[in-house]
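Heads up, the thing below is written out as C-alpha cells.
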Amino acid sequence: MYDWFPIVFIIFKVVVLGVGMFYAIKWHHDQAKKDEQEKKDALERQRQREAGEG
C-alpha cells in the first residue's frame with residue numbers, strides 16, 4: 001500500500017534540492033555581477049573626480 005511513498009518522496013526531494021541549488025548559484029552569480037558593477041562605478045567616479053580637479 002505504501003510502495004508509492006519512497007518514489008514520490010525521492011522525486012520531491014530531488015526537485016526541492018535542485019530548485020534550491022539553482023537559486024543559490026543564481027544568487028552568488030548575481031552578487032558577483034553586483035560587486036563588479038560597484039567597482040566599475042567607483043573607479044569611474046574616481047576618474048571623474050581626478051579629471052575635474054586637474
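Computed over heavy atoms, backbone and side chain alike; hydrogens, waters and symmetry mates excluded.
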### Message
Counting C-beta onward and ignoring hydrogens, is there a side-chain heavy-atom pair between Gln37 and Lys33 closer than 4.5 Å?
### Response
no

### Message
Strictly by side-chain hydrogen bond (donor to acceptor under 3.5 Å, both in side chains), give each pair with a member in residues 15-26 just once, sequence neighbours left out.
### Response
Lys26-Asp30

### Query
With Leu43, which residues qualify under side chain to side chain contact (heavy atoms under 4.5 Å, CB included), at least two apart?
Gln46, Arg47

### Task
For Glu36, enumerate each residue passing the salt bridge (charged side-chain N to carboxylate O under 4.0 Å, His left out) test, keeping only those at least two apart in sequence or located in another chain.
Lys40

### Message
Show me the pairs that pass salt bridge (Lys or Arg N to Asp or Glu O under 4.0 Å) and involve residues 6-21, at least two apart or across chains.
### Response
none

### Message
According to side-chain hydrogen bond (donor to acceptor under 3.5 Å, both in side chains), who are the partners of Gln31, at least two apart in sequence or on a separate chain?
### Response
none

## Note on the structure
For Phe9, the ring-ring contact (aromatic ring centres under 6.0 Å, His included) test, sequence neighbours excluded, returns Phe5

### Message
To the closest 0.5 Å, what do you measure between NZ (Lys39) and NZ (Lys34)?
### Response
13.5 Å

### Task
Verify the cluster assignment for Val14 and Ile11: are they in a single hydrophobic cluster under the rule of side-chain heavy atoms below 4.5 Å apart?
no

#### Entry: Transitive ILVMFWY cluster of Phe12, excluding itself - 4.5 Å side-chain cut-off
Val16

